[in-house]
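For reference, the structure discussed in these notes is given below.
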Amino acid sequence: MAGGERVAAHTVTVHAGGSTYPVVVGSGVRDRLDGLVGPSVRRVAVVTQAGIGLDLDIDHDHEVFTIGDGETAKSLATVEDLCRSWSRWGLTRADGVVAVGGGLVTDVAGFAAAVYHRGVAVVHVATTLLAMVDAAIGGKTGVNLPEGKNLVGAFWQPRAVLCDTDALATLPERERLSGMGEMAKYHFLTGEDLLALPLEERIAACVRIKAEVVAADEREDVTNTRGRATLNYGHTLAHALETAGRYDLRHGEAVAVGLVYAAHLAHRLGRIDRSRVDQHRDVVASYGLRTVLPEGVEPGELLALMARDKKAVVGLTFALDGPGGVEVVTGVDPDDAAAALDALAGLG
Ligand code: GLY
């Protein structure tokens, strides 16, 4: 068993969509998989990717289904392949799915589980920091279309989530940083100094923060400005940087820049003072993350992409800090969004 001495695991209970499930964080918690899948599940379809280095010892009758790497694998074609393979294998509604991997695996396998036989049980075994603190928690599942990311999906709450921190020992540095970007986001949603906590407690704290948000607004009600949409803090610029496709940024790295940008924009709109902008920059930097735009960005392109963000409902839409905390702000003037980009670039 990898991972050295074990410390007690942390369990966070998520209440969402009429279901209640545990998220267990700690070294070696993968050993709890059979117990959490439960005796009522006869057999298990394990969905993973090549190279996910987490050995699972599963007592349930099971078969492994390997999906491809990269965003192109996050497709309806992969979901169709999975469902057809499961059907040929004889997976029934009394059976279950176990997704083992990062956010791509939990999103795709979770969506296939949501639609196969109109819904079969799924347990997520998150192997990346980003999946542990975000993607595997809260029941969002889905795939991309050629027209955009995550355009087709379902809310499908898992039966349990296992965050086995042994998996992080082999996580590439850039993937670790990507997870740190989402962690920095939680810092601003609550003001908690998460970096002061040991890693497992910090992961559990992020899960608890997300669980509270999801419990209050599982379906991301578009009229709820302080609900689940606040989890997109820092994401409007991040999505634009990712969609532009020319910058070598992982998701969480892009979110990190997006958090500092959102602070500049909130300052521009009179919602926060200069010291709070500096605090954003300092906290993001303390997570070891980039606080400035990549070389060679074209502000006009980023503004156009932000205007087309899939979360936009009325004009330019951002989650922004303010006197009452982070909330969704719609109809932001493009001149203010442009000025905040200048400020981020040190020009304003
Ligand atoms: N990743 C944002 C959410 O789960 O709502």
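Note that the coordinates shown come from a computational prediction; the quantities given were computed from them, not determined experimentally. As a basis for the values below, the full set of heavy atoms in this structure was taken, side chains included, without hydrogen atoms, waters or symmetry mates.
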Side chain proximity check, [X] to [Y], heavy atoms < 4.5 angstrom:
X    : Y    : result
V133 : I137 : no
E200 : S27  : yes
W86  : D95  : no
V23  : C163 : yes
T128 : L171 : yes
F111 : V122 : no

Are [X] and [Y] close enough for a salt bridge, meaning some N to O gap below 4.0 Å?
X    : Y    : value
R271 : E327 : yes
D217 : R228 : no
D61  : R42  : no
R281 : D278 : yes

N/O donor-acceptor pair under 3.5 Å between Q157 side chain and G138 backbone: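 Yes.
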Looking at T317 and G315, would you say the former's side chain and the latter's main chain have a donor-acceptor pair under 3.5 Å?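 Present.
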Kindly say whether the aromatic ring centers of H251 and H235 come within a distance under 6.0 Å.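 Close enough - the centres of the two rings lie under 6.0 Å apart.
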Reported CD-to-OH distance for the pair E182 and Y287, which is rounded to 0.5 angstrom: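 E182 CD to Y287 OH: 11.5 Å, rounded to 0.5 Å.
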Check whether more than 12 heavy atoms from other residues, nucleotides or ligands sit under 6.0 Å from atom [atom1] of [X], and answer yes or no.
X    : atom1 : answer
R93  : CZ    : no
R84  : CZ    : no
R274 : CZ    : yes

As a test of understanding, state which of K185, R202, R208 forms a salt bridge (Lys or Arg N to Asp or Glu O under 4.0 Å) with E192.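 Answer after filtering K185, R202, R208: R208.
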